[in-house]
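Keep in mind that the numbers below use all heavy atoms, side chains included, and drop hydrogens, waters and symmetry copies. Bear in mind the structure is a predicted one, so any value in this text is a computation, not a measurement.
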Amino acid sequence: LGDVYKRQYQRRVRGPSSQTTPMQRSQALSVYRRLLRKADNYGAVNESPVWREHVRSEFRACADVRDAERARSLLRDATETATMLESIDAMQELHVKYNIGTAVDERERIRKTAARVGLGIPEWNDPQSTVLDKYHKQLHEDATEKADQVAAAEAKAKQADDALRIKKA
């Protein structure tokens, strides 16, 4: 009992301990693990351990912080960073799930949209779709040919204008 009273007296005299509490330590370890998991995700993309080493070095650099307010601030910043990275991953998953900003061809987009609401669509290999493909291809070729003709006519008109300017000068 003597040690217990001695510690209580020291706390009253010196004020609260500047050491981290067990709760802060467990929170810091939890955030550290969350950040390492996210660092592994980002490291897997470019096969580089840079992110993981950065997290480790930041936590090692802050291990000797004795100021309780500074420790809480660092823990809050690390928690916010982990939450932000998790939110970014969740947002990217939603973008992929709902085809937002992804390069999906028209048929695949229609198929996924129909599947999302529980509908099926016919296979695209049917003769009707082949006819439509040929029709769309022909339309594209015709439009390209017309554009080429317009460009050639514009080039001739420009040459004629240039020739008139030269004669006038």
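- In the hydrophobic clustering (ILVMFWY side chains linked at under 4.5 Å, chained through shared members), Val117 is joined by Leu119.
- Note that CZ of Arg70 and CG of Leu74 are 4.0 Å apart. Values are rounded to the nearest 0.5 Å.
- The shortest heavy-atom contact between Ala39 and Val55 is CB-CG2, 4.3 Å.
- Across every non-hydrogen atom of Leu75 and Gln24, the tightest pair is CD2-O, 4.2 Å.
- Annotation: the span from Glu58 atom CD to Tyr32 atom OH amounts to 11.5 Å, rounded to 0.5 Å.
- Rounded to the nearest 0.5 angstrom, Glu53 CD and Leu36 CG are separated by 9.5 Å.
- A distance of 12.5 Å separates CG of Leu35 from CZ of Arg56, quoted to the nearest 0.5 Å.
- Between the side chain of Thr83 and the main chain of Thr79, a donor-acceptor pair closer than 3.5 Å is present.
- Summarising the geometry, atom OG1 belonging to Thr144 is positioned 10.5 Å from atom CG belonging to Leu139; distances are rounded to the nearest 0.5 Å.
- Within the structure, the salt bridge (charged side-chain N to carboxylate O under 4.0 Å, His left out) test picks out the following pairs touching residues 74-90 (sequence neighbours left out): Arg34-Glu86, Lys38-Asp89.
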Enumerate donor-acceptor pairs with a distance under 3.5 Å from any side-chain N or O in residues 147-159 to protein atoms, sequence neighbours excluded.
none

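- The same ILVMFWY cluster, assembled from side-chain heavy atoms under 4.5 Å apart, contains both Ile88 and Val31.
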